[in-house]
Amino acid sequence: MIKEIKKEIKEKENKEKARILQGFFKTGKGQYGEGDIFLGLSVGETRTIAKKHFGIALNELQPLLESKIHEERLCALLILVEKFRKSEEKEKKQIIDFYLNNTKNINNWDLVDLSADKILGEFLFDKNKDVLFKLAKSNKLWEKRISVLSTYAFIKRNRFKETLEISGLLLKDEHDLIQKAIGWMLREIGKRNLKTEEKFLKKHYKKMPRTMLRYAIEKFPETKRKAYLKGKIK
């Protein structure tokens, strides 16, 4: 089945779009996506292929997730999302173990963002969440982003505790992809409970990175947004 998946992905190759994506996902030397190879598929095209092949066994999926081609890794993760959604609890645990054993291959922001909350976050909602804090304390960029984005599944159910705790742990992280992720999740909390977001912001906003703050207050009224940026909120 792997050969068929790779063939279907290759058939959708768009070299011009691939060239644009290579730059957008920072694949140059020394950048966070260094060496990543794109074929130029849209997420929708990749998802269509994934849904067609979601019945593939986990052990057969491993080579696809280890591929140097971005869309092949994305397809593997979208297959995991589909498998998880349709699986019983025992199978879900196997998918979680597989996911956590492959964090080194979930190595660009879209791969994290399209899978973390839908797999790890969904699984952990009513379970012990220690693994998220372990990931948050990792020295690996993508594991930290997985920890933050997984909590999106909790936010959607109006549970904010873990998001706020992880945000506190990573408050001074220097990578913009972590700053943006935290700011985004704080903004999502604010959509559901503005008081909770602002309580966190008022405590931390003067010392959090500017990028994180800008993302967190993006939807605020202009006057309030400017007041935060000028440090005038008490």
Output yes when [X] and [Y] qualify as a salt bridge under the 4.0 Å nitrogen-oxygen rule, no when they do not.
X      : Y      : answer
Lys52  : Glu8   : yes
Lys93  : Asp97  : yes
Lys6   : Glu72  : yes
Arg214 : Glu218 : no
Glu89  : Lys92  : no

Within the distance-only criterion (no hydrogens, no angle test), does the side chain of [X] pair as donor or acceptor with the backbone N or O of [Y] below 3.5 angstrom?
X      : Y      : value
Glu71  : Gly40  : yes
Lys12  : Leu41  : no
Lys129 : Phe125 : yes

Can you tell me which residue pairs pass the salt bridge (charged side-chain N to carboxylate O under 4.0 Å, His left out) test with a partner in [range], sequence neighbours excluded?
range            : value
residues 23-50   : Asp36-Arg73
residues 150-172 : Asp117-Lys156, Glu122-Arg157, Arg159-Glu162, Lys161-Glu165
residues 136-154 : Asp113-Arg145, Lys144-Asp173

Quick one: side chain to side chain donor-acceptor pair (under 3.5 Å) partners of [X], sequence neighbours excluded?
X      : result
Lys203 : none
Glu88  : none
Glu66  : Gln62
Lys224 : Glu198

Set of residues satisfying salt bridge (charged side-chain N to carboxylate O under 4.0 Å, His left out) with respect to [X], sequence neighbours excluded:
X      : value
Glu4   : none
Lys195 : none
Lys199 : none

With the side chain counted from C-beta on, respond yes when [X] and [Y] share a heavy-atom pair under 4.5 Å apart, and no when they do not.
X      : Y      : value
Glu91  : Phe84  : no
Ile56  : Ile5   : yes
His70  : Ile37  : no
Trp109 : Phe25  : yes
Leu58  : Leu80  : yes
Leu124 : Thr151 : no
Ser115 : Tyr99  : yes
Asn14  : Ser42  : no

[atom1] ([X]) with more than 12 external heavy atoms under 6.0 Å:
X      : atom1 : answer
Lys104 : NZ    : yes
Lys127 : NZ    : yes
Lys86  : NZ    : yes
Lys17  : NZ    : yes
Lys15  : NZ    : no
Lys3   : NZ    : no

| Below 6.0 angstrom between ring centroids: does that apply to Phe220 and Tyr228? | yes
When rounded to the nearest 0.5 angstrom, what is the spacing between [atom1] in [X] and [atom2] in [Y]?
X      : Y      : atom1 : atom2 : result
Lys68  : Asn105 : NZ    : CG    : 12.5 Å
Leu141 : Ile146 : CG    : CD1   : 9.5 Å
Leu77  : Asn102 : CG    : CG    : 8.5 Å
Leu74  : Leu39  : CG    : CG    : 11.5 Å
Asp126 : Phe123 : CG    : CZ    : 8.5 Å

Can you give me the closest heavy-atom contact between [X] and [Y], atom names plus distance?
X      : Y      : value
Leu132 : Ser150 : CD2-CB, 3.7 Å
Leu61  : Ala76  : CD2-O, 3.7 Å
Arg192 : Phe160 : CB-CZ, 4.0 Å
Ala181 : Leu149 : CB-CD2, 3.6 Å
Leu186 : Ala216 : CB-CB, 4.0 Å
Asn108 : Gly33  : ND2-CA, 4.1 Å

| message | Using the ring pair (Phe, Tyr, Trp, His ring centres under 6.0 Å) criterion, which residues pair with His204? Sequence neighbours excluded. | response |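 Scan of His204 (ring pair (Phe, Tyr, Trp, His ring centres under 6.0 Å), adjacent residues dropped) gives Phe200.
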| task | State which residues pass ring pair (Phe, Tyr, Trp, His ring centres under 6.0 Å) with Tyr152; sequence neighbours excluded, sorted by chain then number. | result | Trp184
| message | Set out, in order, the CA-CA distance, both residues' side-chain angles and the distance that settles side chain to side chain donor-acceptor pair (under 3.5 Å) for Gln22 and Thr27, then state yes or no. | response | CA-CA 6 Å; Gln22 295 280 160; Thr27 60; 3.0 Å; yes
| task | May I ask whether Ile69 and Phe24 are part of the same hydrophobic cluster, defined by side-chain heavy atoms of I, L, V, M, F, W, Y residues being less than 4.5 angstrom apart, directly or through others? | result |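 Same hydrophobic cluster.
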| query | Cluster question for you: counting only ILVMFWY and a side-chain heavy-atom cut-off of under 4.5 Å, with indirect links fine, are Leu111 and Ile20 together? | reply | no
| message | Applying side-chain contact (heavy atoms from CB on, under 4.5 Å) to Asn193 and Glu197, what does each step give before you reach the verdict? | response | CA-CA 7 Å; Asn193 190 318; Glu197 181 190 8; over 6 Å; no
| said: If we check side-chain contact (heavy atoms from CB on, under 4.5 Å) with Leu100, which of these qualifies: Ile106, Ile95, Leu135, Ile119? | reply: Leu135
